[in-house]
Amino acid sequence: QVQLVESGGGLVQAGGSLRLSCAASGRTSSTYAMAWFRQAPRKEREFVAGISWTGRSANSANSVEGRFTISRDNAKNTVYLQMNSLKPEDTAVYFCAASVSGYYDSVTSRYNYWGQGTQVIVSS
C-alpha cells in the first residue's frame with residue numbers, strides 16, 4: 001500500500017501563488033508516475049498535471065499551462081505543484097495520484113493511489 005498526503009493548500013488572492021506538496025509513504029516506488037487532479041464543487045475531477053517517474057516528462061492541462069508547474073524529488077518521495085497567477089476558477093480540492101504503470105494521463109482510472117486532497121481557495 002502507498003499513502004499519499006497533500007499539503008500546502010489555503011486561501012490566496014487572485015494573482016497569488018501556492019506550492020502544493022504530496023508526500024508518499026508505505027510501499028513507495030520512484031518508478032510511479034504521479035499527477036495532480038482537482039475537483040471543484042459540482043464538477044468532475046479533472047487532470048491538472050502529470051509527471052513521469054524520471055521527472056523528464058511532464059504535461060499540464062491547457063487551463064493551467066504556463067501558470068502551474070509539476071515537479072518531483074524522488075529522494076524525498078515528494079511531488080510538488082507550483083501554482084502561480086492563481087485565478088478564482090482554480091478554486092478546488094487538489095488531489096495527488098500515483099500510477100503503478102509508470103504512465104500518466106488524464107484518465108482517473110489509471111491511478112492506483114490517491115491522497116485525501118487539499119483545499120485551494122482563490123478570492124477575487
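Heavy-atom basis, side chains included; hydrogens, waters and symmetry copies ignored. Sequence positions, counted from 1, serve as the residue numbers for this chain.
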Give the minimum heavy-atom separation between [X] and [Y], together with the two atoms involved.
{"X": "Ala24", "Y": "Val2", "result": "CB-CG1, 4.5 Å"}
{"X": "Glu65", "Y": "Ser60", "result": "OE1-OG, 2.7 Å"}
{"X": "Ser101", "Y": "Arg110", "result": "OG-NH1, 3.7 Å"}
{"X": "Pro88", "Y": "Ala14", "result": "CD-CB, 4.1 Å"}
{"X": "Ala49", "Y": "Leu81", "result": "CB-CD1, 4.3 Å"}
{"X": "Asn84", "Y": "Ser17", "result": "OD1-OG, 3.0 Å"}

Quick one: does [X]'s side chain have a donor or acceptor within less than 3.5 Å of a partner on [Y]'s backbone?
{"X": "Glu6", "Y": "Gln116", "result": "yes"}
{"X": "Thr91", "Y": "Val122", "result": "yes"}
{"X": "Asn74", "Y": "Trp53", "result": "yes"}
{"X": "Glu46", "Y": "Arg38", "result": "no"}

Under 4.5 Å between side-chain heavy atoms, hopping through other hydrophobics if needed: is there a path connecting [X] to [Y]?
{"X": "Ile70", "Y": "Leu4", "result": "yes"}
{"X": "Met83", "Y": "Val93", "result": "no"}
{"X": "Val100", "Y": "Val79", "result": "yes"}

What distance separates [X] [atom1] from [Y] [atom2], expressed to the nearest 0.5 Å?
{"X": "Arg45", "Y": "Ser106", "atom1": "CZ", "atom2": "OG", "value": "14.0 Å"}
{"X": "Ser7", "Y": "Tyr80", "atom1": "OG", "atom2": "OH", "value": "9.0 Å"}
{"X": "Leu18", "Y": "Tyr94", "atom1": "CG", "atom2": "OH", "value": "9.0 Å"}
{"X": "Tyr113", "Y": "Met34", "atom1": "OH", "atom2": "CE", "value": "11.5 Å"}
{"X": "Ser71", "Y": "Gln82", "atom1": "OG", "atom2": "CD", "value": "8.0 Å"}
{"X": "Ser21", "Y": "Arg72", "atom1": "OG", "atom2": "CZ", "value": "13.5 Å"}

Side chains of [X] and [Y]: closer than 4.5 Å at any heavy-atom pair?
{"X": "Leu20", "Y": "Phe95", "result": "no"}
{"X": "Arg67", "Y": "Asp90", "result": "yes"}
{"X": "Ile51", "Y": "Trp36", "result": "no"}
{"X": "Asn112", "Y": "Tyr32", "result": "no"}

Plane angle bin for Phe47 and Phe37 - parallel if under 30°, tilted between 30 and 60°, otherwise perpendicular: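 If you compare the ring of Phe37 with that of Phe47, the planes turn out perpendicular.
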Return each pair, listed once, that meets disulfide bond (SG atoms under 2.5 Å apart) where at least one residue sits in residues 10-113; pairs must be two or more places apart or across chains.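 Listed once each, the pairs are Cys22-Cys96.
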Side-chain donor-acceptor pair under 3.5 Å between Ser123 and Gln13, yes or no?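 Ser123 vs Gln13: no donor-acceptor pair found between side chains.
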